[in-house]
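Read the structure below first, then the notes.
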Amino acid sequence: MSGRRVQLPHVNCPACGGRAFAQTVGKKSLLFRELYYACRNPDACGHVFVVEMTATRTTKASRFPTPLHKLPMTTWRDAANDRAANDDGPPDEPASSVAAT
């Protein structure tokens with residue numbers, strides 16, 4: 001491995017909508033991480049906030065036979081379909097109307 005620092009993606013500042021970049025990493029575990037982001041809006045917003053990253057599901061099984069944590073398995077979808085909706089299963093049945101008594 002090289003000594004190169006990993007560059008995390010920017011996110012939009014929830015206060016002003018400007019670009020915010022990761023400054024430091026807070027709590028860490030195998031499946032969870034806190035990232036401290038700071039807004040770099042040229043108008044001096046100065047907002048600092050925490051973004052949480054969590055591993056939630058598996059789309060391709062690991063080649064290692066003994067995972068440290070078991071994540072639910074989901075089917076892989078094309079990237080375009082993945083952005084279309086945030087659902088993993090078929091649509092819910094419409095609610096049936098309750099008959100008046």
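Keep in mind that the numbers below use all heavy atoms, side chains included, and drop hydrogens, waters and symmetry copies.
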If you look only at pairs with a residue in residues 8-20, which of them pass as a side-chain hydrogen bond (donor to acceptor under 3.5 Å, both in side chains), with sequence neighbours excluded? H10-R19

Just so I know, are the side chains of P14 and H47 near enough to count as touching, which here means a heavy-atom distance under 4.5 Å? yes

V25-M53 co-clustered via ILVMFWY side chain contacts under 4.5 Å: yes

Would you give the length of the straight line joining atom CZ of R33 to atom OG1 of T54, rounded to the nearest 0.5 angstrom? 11.0 Å

In the hydrophobic clustering that connects Ile, Leu, Val, Met, Phe, Trp and Tyr at side-chain heavy-atom distances below 4.5 Å, which members other than V48 occupy its cluster, ordered by chain and number? none

Which side-chain N or O atoms in residues 36-45 pair as donor and acceptor under 3.5 Å with protein atoms at least two apart or in another chain?
from	atom 1	to	atom 2	distance (Å)
Y37	OH	P9	O	2.8
N41	OD1	D43	N	2.9

Sequence-distant partners of K27, side chain to side chain contact (heavy atoms under 4.5 Å, CB included), two or more places apart: F32, E34

